[in-house]
Q: 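If you scroll down you'll find the structure; I have some questions about it.
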Amino acid sequence: MSPLGVSRTMDAPAHRLWRLLVEVDRWPAWGPSVAGAELDTPRVHAGSRGTVRTALGVSLPFEVTDLDEGRSWSWSVAGVPATGHSVEARGEGCRVTFTVPWWAPGY
């Protein structure tokens, strides 16, 4: 089954939104379930690992499973496939999309 997603068109360049999505210090600003995160590498790339602290205060390991630089990335949290994140340039702005596995629509 395909993942479920939600998209939003933004009046900002794609490269700016991409930076927000890959800078772990910014994750709590756009991810309501994220209270903080630490990365074991200097920057996000496929295979990056770290720890994410949930809004409930629980810390869990994560791994970036796929990354297409400047376009999309996805991860697993505690070994479970989690959200996907993508940015697509649209004229002066962009479209940002978040996906979740089919079994996690409430997320």
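This structure is a prediction, so every number in the text was calculated from the model and none was measured.
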Q: Mind listing the closest non-hydrogen atom pair of V44 and V22 along with its distance?
A: CG2-O, 3.2 Å

Q: Within this structure, what is the CZ-CG distance for the pair F62 and D40, rounded to the nearest 0.5 Å?
A: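 Going from the CZ atom of F62 to the CG atom of D40 covers 7.5 Å.
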
Q: Are the aromatic ring centres of H85 and W27 under 6.0 angstrom apart?
A: no

Q: A quick test of your reading: do over 12 heavy atoms of other residues, nucleotides or ligands sit less than 6.0 Å from CG of D11?
A: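 Open.
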
Q: Hey, are S86 and S72 close enough side-chain-wise for a donor-acceptor pair under 3.5 Å?
A: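 S72 vs S86: no donor-acceptor pair found between side chains.
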
Q: Please name the pair of heavy atoms, one in W30 and one in L20, separated by the smallest distance, quoted to 0.1 Å.
A: NE1-O, 2.9 Å

Q: Does the side chain of S59 pick up a donor-acceptor pair with the side chain of T51 at under 3.5 Å?
A: no

Q: Does any part of the side chain of S48, heavy atoms only, come nearer than 4.5 Å to the side chain of L39, both counted from C-beta?
A: yes

Q: Which atom names give the shortest non-hydrogen contact between L21 and F98, and what distance separates them?
A: CD2-CZ, 3.8 Å

Q: Minimum heavy-atom separation for M10 to V96, with atom names?
A: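 Looks like CG-CG2, 3.9 Å.
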
Q: So, using side-chain hydrogen bond (donor to acceptor under 3.5 Å, both in side chains) as the criterion, who are the partners of R8 when residues are at least two apart?
A: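 R8: no side-chain hydrogen bond (donor to acceptor under 3.5 Å, both in side chains) contacts found.
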
Q: Please determine whether the number of non-hydrogen atoms from other residues, nucleotides or ligands lying under 6.0 Å from atom CZ of R49 exceeds 12.
A: no

